[in-house]
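Written out below as structure tokens is the structure these notes cover.
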Number of protein chains: 2
Amino acid sequence: MPVRKGTCSDSESCGHSLQRLAKFIGDSEEARSKAHSLQALMKRIDQGTEEEVDIFRALADPCRLRILKLLQEGEFCVCEIMIALDRPQSSTSHHLSILKSAGLIKERREGKWSLYRLSDGAVIEIINQSRLLEEEAKTRAPIRRRD
Amino acid sequence: MPVRKGTCSDSESCGHSLQRLAKFIGDSEEARSKAHSLQALMKRIDQGTEEEVDIFRALADPCRLRILKLLQEGEFCVCEIMIALDRPQSSTSHHLSILKSAGLIKERREGKWSLYRLSDGAVIEIINQSRLLEEEAKTRAPIRRRD
DNA sequence: CTTATATATCGAAAATGGTGGATACAATCA
DNA sequence: TGATTGTATCCACCATTTTCGATATATAAG
């Protein structure tokens, strides 16, 4: 469920938006066609968005990002990850299962121990990109974090 | 605030974890030193994690990801974005402000209109990486989405 | 089979985050 | 100055997510 409610789904309702667009563009007829082309564009854009959001959701938690960064160093047992995170076992396990569902890590069982590792180099890439982005933002403006 | 509670923060409490680690490693003394090195490693790893999580949080919403993908096509007015998303104005504005706080987009005011654009090519890169990751996961396993 | 132990899952409370109407603010126009 | 209009912010409601103790499951050992 990406979007929780369908409020203005009816393309004829919410004429407010169209009015605004008409003011912005200058012509009412052009606004209408612009709106249509925007909706068509979004249909194309929406390809795969759902799944990408799932990946970002998995990345959007400090515990999980820390786990991923840790796993850059190799393969770790749950009991090691618990200590690294300084979190209780159930919490650690929960985050690991979310990362696994998102396809970011893989599990290997060895006796009663579960060993986790990154599933792919692409995971590292995406983390590195975010680091770059963060550093760029920092050099451009002193403070970027919201609260 | 990355981590909500400090449960086992006291490095001496939660000896359970250390016990487990000792079982895993085989030696109690080695476990202790392993725990310390893990904690030191995490300290290094945690550099910038906060900010990176903020970036992923900003990306972890379908509306916002759609906005970013739209902005790949150029600069857009809020009234256009509203129509593209098919969302009310307050919601659209809210998402734009989160993206701006995360440093992913930039605003330019022109009269009473606010125009938004991507702040950087790195944003596109990170989205493309996620697409790659998603496609790889799909080819490896049939279904990856959690619920 | 029983015990011990490593991890996963459950469940309920708390925190977080999205939503959209109402309102505030800003800029243009009359 | 007052009216209009585009956008931002506020607010309460609701859905999702996180957290962690308790419990279940799985594997090994006795």
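Convention: sequence-line order gives letters A, B, ...; per-chain numbering from 1. Because only heavy atoms are used, hydrogens play no part in the values below, and waters and symmetry mates are left out as well, while side chains stay in.
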Fill in the blank from the handout: Smallest heavy-atom separation, B:Ala22 atom then B:Ser28 atom, equals CB-CA, 4.0 Å
Problem - 5' priority, DNA chain D, between B:Trp113 and A:His94 [closest heavy atom] - result: B:Trp113
Practice task
Round to a whole Å and report the spacing from CZ of B:Arg87 to C1' of D:dA8.
Solution key: 19 Å
Practice task
Show your reasoning for whether side chain to side chain contact (heavy atoms under 4.5 Å, CB included) applies to B:Leu115 and B:Phe76.
Solution key: CA-CA 5 Å; B:Leu115 304 176; B:Phe76 288 86; over 6 Å; no
Practice task
Could you run through nucleotides 22-30 of chain C and give me one letter per nucleotide, 5' to 3': B if any protein heavy atom sits under 4.0 Å from the base, S if only the sugar-phosphate is that close, - if neither?
Solution key: B----SS--
Fill in the blank from the handout: note: B:Leu115, atom CG; D:dT7, atom P; distance rounded to Å ~ 8 Å
Exercise for the section: Before giving the answer on salt bridge (charged side-chain N to carboxylate O under 4.0 Å, His left out), spell out for A:Glu30 and A:Arg32 the whole-Å C-alpha distance, their side-chain angles and the decisive distance to 0.1 Å. Expected result: CA-CA 5 Å; A:Glu30 272 193 50; A:Arg32 190 175 294 274; over 6 Å; no
Completion exercise
Here the distance between atom C1' of C:dT16 and atom CG of B:Asp61, to the nearest Å, is 13 Å
Problem - For atom CG of B:Leu21 and atom C1' of C:dT7, their distance in whole Å - result: 15 Å
Completion exercise
Here the distance between atom P of C:dG18 and atom CG of B:Leu99, to the nearest Å, is 10 Å
Completion exercise
Among the nucleotides C:dT9, D:dG6, C:dT5, whichever has the atom closest to the side chain of B:Lys23 is C:dT5
Practice task
Compare side-chain N and O positions of B:His16 against OP1 and OP2 of C:dT5 and report whether any pair is under 4.0 Å apart.
Solution key: no
Exercise for the section: May I ask you to say what B:Glu80 touches in the nucleic acid, namely base, sugar-phosphate or nothing, with a heavy-atom cut-off under 4.0 Å? Expected result: nothing
Handout entry: side-chain N/O A:Arg57 vs D:dT16 OP1/OP2, d < 4.0 Å
Key = no
Exercise for the section: Pick base, sugar-phosphate or nothing for A:Ser114, based on heavy-atom distances below 4.0 Å to the nucleic acid. Expected result: sugar-phosphate
Practice task
May I have the distance from B:Ile98 (atom CD1) to D:dC10 (atom C1'), rounded to whole angstrom?
Solution key: 14 Å
Handout entry: Backbone of A:Leu104 reached by a side-chain donor or acceptor of A:Ser119 within 3.5 Å
Key = yes
